[in-house]
Amino acid sequence: MTITMNPKEFINRRQSLAEKMPDHSALVLFSGVVKTRSHDDKYPFSPNRNFYYLTGIARSNLILMITKSAGTVTETLFLQRPNEFEAKWTGAVLSEQEAKEQSGIEHFDYLDEWLESFGTFMRRCEGKGLLYLDLYRYLWNDERTPAETFAEDAQMKYRTLQIHDAGPWLKELRMVKSAAEIEEIRRAIAITDEAIRRMWSHARPGIMEYELEAHYDFTLKSHGVRELPYLPIIASGINATVLHYEANNQRAEDGDLVLLDLGAASNYYSADISRTFPVNGRFTERQKEIYQLVLEAEIKTIEAVKPGVTLQDLNKVTKQVFTDGLLRLGLIQESSELSKYYYHSVSHHLGLDTHDISDYTAAIQPGMVITIEPGLYIEEEAIGIRIEDNVLVTAEGYEVLSSQIPKEIEAVEWLIGKKE
């Protein structure tokens with residue numbers, strides 16, 4: 001991916017974070033390491049998103065340290081030492097000039113000087129040091145992160161050291177997007193739009209889900225998107241009733257609906273779009289009934305987006321539309337039965353992570369980007385329908401960033417029938 005953000009963007013982010021830091025404190029972030037897949041084969045590297053957020057650098061084995069003492073903030077990026085032999089095999093390591101151009105950081109040291117530098121900071125704190133790390137953990141059995149390992153080692157060396165999670169600071173900053181971040185999301189959406197249209201133009205009864213995925217992959221790779229923000233869901237027929245179906249290995253039969261949940265990325269900023277379409281180009285009357293209800297729920301929920309509401313408030317709108325509609329269609333007899341057909345929430349934040357770090361209970365504010373994604377899953381009829389758009393919260397209400405991607409029945413049918 002090409003560098004599109006001005007380094008001033010990352011300078012401003014670090015300044016905003018440094019303002020939150022107390023005296024005698026250090027923030028340390030690790031870019032991450034390349035992991036072995038098997039024998040001498042490696043997994044593709046993906047940077048720690050908080051490190052990337054503050055630096056704009058997507059390289060492994062780097063450390064950012066920001067210290068604050070007597071009001072003075074010092075930023076240091078620790079780089080790998082150049083190695084001419086290894087450069088012949090894997091390429092040159094990041095240079096100081098490259099790092100400065102991407103991040104706006106002015107001061108650099110090498111990784112073999114990192115622990116000595118941290119020790120110097122602690123000595124100057126005279127036992128009053130505060131250490132802030134990215135200590136996020138999703139599951140108990142997840143691998144230990146470099147931050148967790150360093151926290152344990154540092155606590156053993158410095159018993160008076162107070163260790164804190166920098167997550168709340170980073171969450172607060174990342175929830176509200178800058179103009180540059182919103183442009184990255186717009187670009188990711190534009191690529192996703194092109195990919196969906198390509199998939200539709202090749203759709204036909206009998207096509208394999210992975211054939212549709214190949215058209216998606218082709219479009220993304222054509223735009224230089226080499227890392228997917230998440231595995232695409234391409235679910236035909238009853239597969240679409242499985243919320244996170246990812247096998248993508250079944251045949252889409254005549255009469256099937258196909259549910260797409262996918263998104264490109266631009267400089268790690270993600271799109272997250274869902275569309276549902278008939279593989280033969282024509283919705284049945286029953287499919288239209290359910291589809292129109294999902295579309296109605298999406299439109300009414302989007303219309304409820306404005307500063308001050310919460311994601312739970314938006315989900316209540318969705319649930320009310322679905323309850324009324326399913327009662328009308330006779331699929332449920334009372335509101336308590338809704339969870340049989342709608343069993344997820346309608347929204348999450350979007351950004352460097354598809355499910356971006358956020359406070360789910362907090363009121364949304366201008367500059368936040370969220371998804372609106374109602375869905376109904378009727379297993380007994382092999383119908384799964386989800387429609388998802390990406391929405392920017394504005395001072396006046398909202399802007400649908402993905403409005404160019406068709407979702408009306410007539411438009412979807414027309415595009416599927418328009419073969420290349």
Side-chain angles (χ1 to χ4, degrees), residues 182 185-197 199-200 212-213 216 220 228-236 239-246 248 257-266 269-278 287 290-305 311-312 314-315 317-319 321-322 325 341-351 353-356 358 360 364 368-378 383-393 398-409 411-412 415:
I182 293 166
I185 294 173
R186 289 185 194 275
R187 179 172 180 267
I189 291 170
I191 297 170
T192 307
D193 177 25
E194 183 179 331
I196 289 173
R197 290 170 187 265
M199 295 167 78
W200 283 349
L212 290 168
E213 185 176 4
Y216 166 73
L220 268 60
L228 300 178
Y230 61 98
L231 293 177
I233 297 169
I234 303 171
S236 61
N239 298 330
T241 65
V242 179
L243 193 59
H244 288 149
Y245 171 81
E246 294 173 346
N248 299 350
L257 293 179
V258 180
L259 188 156
L260 307 176
D261 189 334
L262 38 74
S266 177
Y269 284 89
S270 176
D272 187 6
I273 304 296
S274 293
R275 291 293 186 267
T276 307
F277 67 95
Q287 290 168 350
I290 307 302
Y291 189 96
Q292 280 298 143
L293 178 55
V294 175
L295 184 58
E296 177 189 357
E298 199 217 15
I299 291 171
K300 288 188 175 179
T301 305
I302 289 173
E303 290 173 346
V305 172
L311 301 190
Q312 294 100 317
L314 296 177
N315 198 42
V317 175
T318 302
K319 291 173 73 173
V321 175
F322 277 162
Y341 299 113
Y342 174 62
Y343 36 81
H344 59 82
S345 191
V346 78
S347 183
H348 59 78
H349 285 253
L350 184 67
D353 289 299
T354 305
H355 294 98
D356 213 29
S358 63
Y360 184 77
I364 56 177
M368 293 181 176
V369 179
I370 62 175
T371 65
I372 300 295
E373 50 178 308
L376 288 174
Y377 313 95
I378 308 170
I383 293 177
I385 297 172
R386 184 162 62 252
I387 305 172
E388 177 181 17
D389 282 292
N390 302 157
V391 179
L392 169 66
V393 184
Y398 64 89
E399 177 189 350
V400 181
L401 300 177
S402 51
S403 60
Q404 73 270 39
I405 306 177
K407 59 187 176 185
E408 298 291 343
I409 285 177
V412 171
L415 283 168

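Atom set for the values below is all heavy atoms of this structure, side chains included, hydrogens, waters and symmetry mates excluded.
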Student: Sequence neighbours excluded, which residues qualify as side-chain contact (heavy atoms from CB on, under 4.5 Å) partners of Gln287?
Tutor: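 Listed in chain order: Leu257, Phe283, Thr284, Ile383.
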
Student: Rounded to the nearest 0.5 Å, how far apart are CD1 of Ile378 and OH of Tyr341?
Tutor: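 If we round to the nearest 0.5 Å, Ile378:CD1 and Tyr341:OH are 6.5 Å apart.
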
Student: Quick one: does any side-chain atom of Tyr342 pair with a main-chain N or O of His344 as donor and acceptor, under 3.5 Å?
Tutor: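 Yes; judged by distance alone, with no hydrogens or angles, the pair exists.
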
Student: Just jot down the side-chain contact (heavy atoms from CB on, under 4.5 Å) partners of Ser345, sequence neighbours excluded, or say none.
Tutor: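 In terms of side-chain contact (heavy atoms from CB on, under 4.5 Å), with neighbours along the sequence ignored, Ser345 is linked to Asn315, Tyr360.
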
Student: Under a 3.5 Å distance rule, please check whether Asn390 uses its side chain to pair with a backbone N or O of Thr371 as donor and acceptor.
Tutor: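 Answer holds: no.
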
Student: How would you list, by chain and number, every residue that makes a ring-ring contact (aromatic ring centres under 6.0 Å, His included) with His355, sequence neighbours excluded?
Tutor: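 Only His348 meet the ring-ring contact (aromatic ring centres under 6.0 Å, His included) criterion with His355.
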
Student: Please report the interatomic distance CG(Leu415) to CZ(Arg197), rounded to the nearest 0.5 Å.
Tutor: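 Separation between the atoms: 5.5 Å.
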
Student: Quick one: side-chain hydrogen bond (donor to acceptor under 3.5 Å, both in side chains) partners of Glu296, sequence neighbours excluded?
Tutor: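 Here the qualifying residues are Lys300.
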
Student: Name all residues meeting the salt bridge (Lys or Arg N to Asp or Glu O under 4.0 Å) criterion together with Glu388; count only those two or more places apart in sequence or in a different chain, and write none if there are none.
Tutor: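 Checked Glu388 against salt bridge (Lys or Arg N to Asp or Glu O under 4.0 Å); zero matches.
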
Student: Using the test side-chain contact (heavy atoms from CB on, under 4.5 Å), find all partners of Ala297 that sit at least two apart in sequence or belong to another chain.
Tutor: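 Result, side-chain contact (heavy atoms from CB on, under 4.5 Å) vs Ala297: Thr318, Val321, Phe322, Pro374.
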
Student: Do the side chain of Thr192 and the main chain of Ala264 share a donor and acceptor less than 3.5 angstrom apart?
Tutor: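 The answer is yes, because a donor-acceptor pair under 3.5 Å joins these two groups.
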
Student: Should the pair Asp193-Arg275 be classified as a salt bridge under the 4.0 Å nitrogen-to-oxygen rule?
Tutor: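 No, no charged N to carboxylate O under 4.0 Å.
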
Student: Please give me the minimum heavy-atom distance between Gly263 and Leu220, naming the atom from each residue.
Tutor: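 Between these two residues, the closest heavy atoms are O-CD2, 4.3 Å.
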
Student: Run the salt bridge (Lys or Arg N to Asp or Glu O under 4.0 Å) test against Asp356 and tell me which residues pass, sequence neighbours left out.
Tutor: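 Asp356 satisfies salt bridge (Lys or Arg N to Asp or Glu O under 4.0 Å) with Arg174, Lys177 only.
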
Student: Sequence neighbours excluded, which residues qualify as salt bridge (Lys or Arg N to Asp or Glu O under 4.0 Å) partners of Lys319?
Tutor: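 So Lys319 forms no salt bridge (Lys or Arg N to Asp or Glu O under 4.0 Å) with any residue.
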
Student: Identify, with sequence neighbours excluded, every residue that meets side-chain contact (heavy atoms from CB on, under 4.5 Å) alongside Glu399.
Tutor: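 Here the qualifying residues are Arg186, Leu392, Thr394, Leu401.
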
Student: Donor-acceptor pair, Tyr230 side chain versus Leu262 backbone, under 3.5 Å?
Tutor: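 At least one qualifying donor-acceptor pair exists.
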
Student: Ignoring hydrogens, what is the shortest heavy-atom contact between Ile234 and Asn248? Give both atom names and the distance.
Tutor: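 Scanning both residues completely, I find the closest heavy atoms to be N-OD1, 3.1 Å.
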
Student: Would you please name every residue forming a ring-ring contact (aromatic ring centres under 6.0 Å, His included) with Tyr343, sequence neighbours left out?
Tutor: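 With neighbours one apart ignored, the set is Tyr377.
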
Student: Mind checking what makes salt bridge (Lys or Arg N to Asp or Glu O under 4.0 Å) contact with Glu303, not counting sequence neighbours?
Tutor: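 So Glu303 forms no salt bridge (Lys or Arg N to Asp or Glu O under 4.0 Å) with any residue.
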
Student: With sequence neighbours excluded, what pairs up with Ser347 under the side-chain hydrogen bond (donor to acceptor under 3.5 Å, both in side chains) test?
Tutor: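 Per chain and number, Ser347 pairs via side-chain hydrogen bond (donor to acceptor under 3.5 Å, both in side chains) with no residue.
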
Student: Measure the spacing between CG of Leu350 and CG of Asp272 and express it to the nearest 0.5 Å.
Tutor: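 Output value for this atom pair is 6.0 Å.
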
